[in-house]
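FYI, side chains are in, hydrogens and waters are out, and symmetry mates aren't considered; it's all heavy atoms of this structure. Keep in mind that this is a model prediction, so the values were computed, not measured.
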Amino acid sequence: MSNYEYDFSAGVEQYKKIIDGGEADWIPVTTQMAEFCMAYGGHNGREFFSNPELFVRGSLDVQQEMGYHVPDMVWDVYSVEAEALGGKMAWFDDLYPALDNTEVIINDEKDMARIKAPDPFKTGRMPWVLEALQICHELTGYKPFVHYCSPINLAAQVMQFENLIMAMTERPKFVHKLMDWLVEEVLAPYINASFKVLGGHNIANGKDAVGSLPFITEDILAEFSVPYLLKLRELCGGHDGIRSDNWWGDSFAADMDAYWDVKLQITPQYLKVQDPDCFAIGTERIREYADKRGCALSFGVGTLLLQVGTKEEITKRIHEYMEVGSRGPHGKKFFLYLCSFSAQTPPENVRAAIEAVNMFNRGERPYAGQIDTGPGAVAAEMAGGKGFMGIGSKYSGVSEFRKEDRKQIFKDIYQSVMDFDEQGCPELVAKALEDGESATDILDEGLIPPMGEIGDLFASGELFVPEMLLAARAMKAGLEILRPILTKVQTKPKGVVVMATVFGDLHDIGKNLVGMMLEGAGFKVVDLGVNTKAEDIIATAREVNADVIGLSALLTTTMPFMKLIIEEIQREGLDIPVIIGGAPVSQDFANKVNADGYGDNAPIAVEICKKLVGITGGESASAGAA
């Protein structure tokens, strides 16, 4: 027994054996569950994530009661450093707090010169984090590691994601300067402060969701992510424990083994592959690579399954991951990761997950030999969907949007969008007008069709988010040349769509992509932004006479707000169809909340909107000018 108030010594011992390069006697499990602990303990989110004593004790109480192995101290990791740089926070009673990313913190070198580097012991909630780490150590004897927002993710927080992607193309020297500054003046001092507080500690774990495929490309990863993670390690003592282990998007890599080699460069202590990639790639394929490299391994069970899965589904997934993970010559260097328990996760699912782990460790294995993962397999939690972000079917290389009988000027405009040529596209549009082409024909024949092909390429996984943004920007540059003409002749849009990210959610990348694609297809888009309440959506929909309402959520914790908004729309008697989307959303969920449509990705969302307003597949759609 431990001499500390909370005893996690048995699980911590097994976990440390693996992290230190050794072999465990049994499989430990790590997790992320602070928001669940907040909700289960009946705590208010504002107080829970601002009072370090409450945060630590509230987390440890629930984790000890449930029987989890390693203390979890994961706060709102993506917010702390940006908040310390002057970012505004959005606080909620029953969710993680989040950075209010509607305002840019740093856009240029003047902003960098204006902002003072934070003092980890004085600025924002950095001192709160350091105190929480210290309290956890005093109560458990375990030295928890600081979680930090990885450099490229922090750059996206302070610049906004779309601005960062464009700056990488237009102002790469500035982006490199910003990344250097964030690493040298913000992240390294923060991590080193945690080492000072905990006395000789040498582990810090980066969180890097936006720094993962397909939100960035592998070229961006190589130029703007990997070098700065390695530089951060050097500035923090050169320890292998300075890592960033939660990249996902493995299934989008052109060469999976090469991608995993890079992951091991960034996190030398082990390879982690988590859902949905782990399920899509297959556990045996990942185990084969880990055996080849002789590295420790971790499989991550996805948030959505843990939230909506049945006890049997959760147990089967965990048992497969543990069985395959612990196979072979390096099987004793395996630990399981439960990606996240949110405020919406039923307590019985949290108990089911740890009981499944304990069953396997006791030798009770009712699903022995059953392998459900791998290419073509459909995860229980994604029933009715097409997989993560709707990316699945391969692009044939011949687009239905290309027509050989198009005039050459329209083919040139089309290609300028495909080439992301923001300067050339408007020049070609202006030339077409000078040559006597109508604004409507230029739109229908030159600007709208390439966005359809871009959508196909994204749906096949051959283009990633940055490339979609660049194509949309080129298309919109051409559209701006036409807009005064379209306004003058009052060209009617094919439909009006009100878009919003639901209340409690401040993520907008997916929503913005859908909006760009809708504009490219001839719709007028009214974007209400993030963290939007039902009454604001309803009032705007009435005001603009909306044809469709589109709701987005990236967090499992905010998905229930979709249901509340749809119910409120129905109570108000609005006969407006509602479509929903976002990484955790599925067709099954859409059916349950009575949504009129579900879009796995931006191109699919556009097709649904076309059907809802009565546009058939063969019709073209002229863009609105409002």
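Taking CZ of F174 as the reference point, atom CD of E109 lies at 6.5 Å (rounded to 0.5 Å). Within the model, atoms CG of N361 and OG of S326 stand 9.0 Å from one another, a figure rounded to the nearest 0.5 Å. F589 contributes atom CZ, which lies 6.5 Å from atom CE of M562 (distance to the nearest 0.5 angstrom). Separation of atoms CD (E320) and SG (C278) is listed at 8.0 Å; rounding is to 0.5 Å. Atoms CG and CZ, from D94 and R46 in turn, are 10.0 Å apart once rounded to the nearest 0.5 Å. Here the CD-CH2 distance, from Q32 to W75, works out to 10.5 Å after rounding to the nearest 0.5 Å.
Listed by chain and residue number, R57 satisfy the salt bridge (Lys or Arg N to Asp or Glu O under 4.0 Å) test with E53 (two or more places apart in sequence, or in another chain). For E284, the side-chain contact (heavy atoms from CB on, under 4.5 Å) test picks out V324, R327, I371, with sequence neighbours left out. Taking the salt bridge (Lys or Arg N to Asp or Glu O under 4.0 Å) definition, one finds that K16 meets it with nothing, sequence neighbours left out. For K511, the salt bridge (Lys or Arg N to Asp or Glu O under 4.0 Å) criterion is met by D527, not counting sequence neighbours. Residues satisfying the side-chain contact (heavy atoms from CB on, under 4.5 Å) criterion with A113, sequence neighbours excluded, are absent altogether. Scored by the side-chain contact (heavy atoms from CB on, under 4.5 Å) test, T217 finds D219, I220, F464, P466, E467 as partners (sequence neighbours excluded).
Sorted by first and then second residue, the salt bridge (Lys or Arg N to Asp or Glu O under 4.0 Å) pairs involving residues 131-146 (not counting sequence neighbours) form an empty list. For residues 118-129, the side chain to side chain donor-acceptor pair (under 3.5 Å) pairs, not counting sequence neighbours, are D76-R125, E83-R125. Contacts classified as salt bridge (Lys or Arg N to Asp or Glu O under 4.0 Å) and involving residues 292-305 (residues at least two apart or in different chains) are given here: D257-K292, D261-R293. For residues 275-306, the ring pair (Phe, Tyr, Trp, His ring centres under 6.0 Å) pairs, not counting sequence neighbours, are W260-Y289, F299-Y321, F299-F334. Listed by first and then second residue, the salt bridge (Lys or Arg N to Asp or Glu O under 4.0 Å) pairs involving residues 307-318 are D275-R317, K316-D372, R317-E381 (not counting sequence neighbours). For residues 187-215, every residue pair satisfying the side chain to side chain donor-acceptor pair (under 3.5 Å) rule, not counting sequence neighbours, is listed here: N205-R243, N205-D245, D208-W247.
Residues M112 and K177 meet the side-chain proximity criterion, which asks for heavy atoms closer than 4.5 Å. For the pair L85 and E185, the minimum side-chain heavy-atom distance is 4.5 Å or more. Taking the side chain as every heavy atom from C-beta outward, M73 and L60 approach each other to under 4.5 Å. Counting heavy atoms from C-beta on, the side chains of L221 and V226 come closer than 4.5 Å. Counting only heavy atoms from C-beta outward, the side chains of V186 and W181 approach each other to under 4.5 Å. V12 is listed as a side-chain neighbour of P71, based on a closest heavy-atom distance under 4.5 Å. Looking only at side-chain heavy atoms (C-beta outward), V530 and T532 stay at 4.5 Å or farther from each other. No side-chain heavy atom of T31 sits under 4.5 Å from any side-chain heavy atom of Q63.
Within the 3.5 Å criterion, the main-chain N or O of L198 finds no donor-acceptor partner in the side chain of H137. Remark: side-chain polar atoms of D277 are paired, donor with acceptor, to backbone N or O of D250 under 3.5 angstrom. Of the possible polar contacts, one joining the R233 side chain to the I242 backbone as a donor-acceptor pair under 3.5 Å is found. Remark: the backbone N or O of F503 is not paired with any side-chain donor or acceptor of N531 at under 3.5 angstrom. Proximity of a side-chain donor or acceptor of T373 to a complementary backbone N or O of T283 within less than 3.5 Å is detected. When atom types are taken as modelled, the side chain of T267 and the backbone of S244 share a donor-acceptor pair closer than 3.5 angstrom.
Annotation for D7 and S9: closest pair OD1-OG, 2.7 Å, computed over non-hydrogen atoms. L271 and L264 get closest at one heavy-atom pair: N-CD2, 3.8 Å. Pairing each heavy atom of L338 with each of Y68, the nearest pair is CD1-CE2, 3.7 Å. When all heavy atoms of P151 and L229 are compared, the closest pair comes out as CD-CD2, 3.5 Å. Contact detail for A82 and V158: the closest heavy-atom pair is CB-CG1, 4.4 Å. Closest approach of F48 to A34, counting heavy atoms only: CE2-O, 3.6 Å.
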query = Going through the distances and angles, do I354 and M359 end up as a side chain to side chain contact (heavy atoms under 4.5 Å, CB included)?
reply = CA-CA 9 Å; I354 191 62; M359 280 175 62; over 6 Å; no

request  = Decide yes or no on salt bridge (Lys or Arg N to Asp or Glu O under 4.0 Å) for K88 and E103, but give the supporting numbers first.
outcome  = CA-CA 8 Å; K88 295 179 181 178; E103 294 183 13; 3.3 Å; yes

message = With side chain to side chain donor-acceptor pair (under 3.5 Å) as the criterion, how do Y40 and E65 come out once you've worked through the C-alpha distance, each side chain's angles and the decisive distance to 0.1 Å?
response = CA-CA 11 Å; Y40 185 81; E65 175 188 333; 2.6 Å; yes

message = Test side chain to side chain contact (heavy atoms under 4.5 Å, CB included) on Y228 and H176; report intermediate values, then the result.
response = CA-CA 9 Å; Y228 294 99; H176 282 297; 2.6 Å; yes

message = Apply side chain to side chain contact (heavy atoms under 4.5 Å, CB included) to residues L230 and I266 and explain how you reach the verdict.
response = CA-CA 7 Å; L230 296 177; I266 298 304; 4.0 Å; yes

request  = Walk me through it: do H330 and E23 pass the test side chain to side chain donor-acceptor pair (under 3.5 Å)?
outcome  = CA-CA 8 Å; H330 303 285; E23 296 183 343; 6.0 Å; no

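Atom NZ of K17 sits in a crowded spot, with more than 12 heavy atoms from other residues, nucleotides or ligands closer than 6.0 Å.
In summary, the aromatic rings of W248 and F215 are positioned with their centroids under 6.0 Å apart. Residues Y142 and F8 keep their aromatic ring centres 6.0 Å or farther apart. Here the two rings, on H69 and W26, have centers that are under 6.0 Å apart.
In summary, R114 and D111 engage in a salt bridge, as defined by a charged side-chain N under 4.0 Å from a carboxylate O.
Using cut-offs of 30° and 60° for the angle between ring planes, the F55 and F49 rings count as tilted.
Remark: of the listed residues T345, D72, L306, D72 is the sole one forming a side chain to side chain contact (heavy atoms under 4.5 Å, CB included) with M33.
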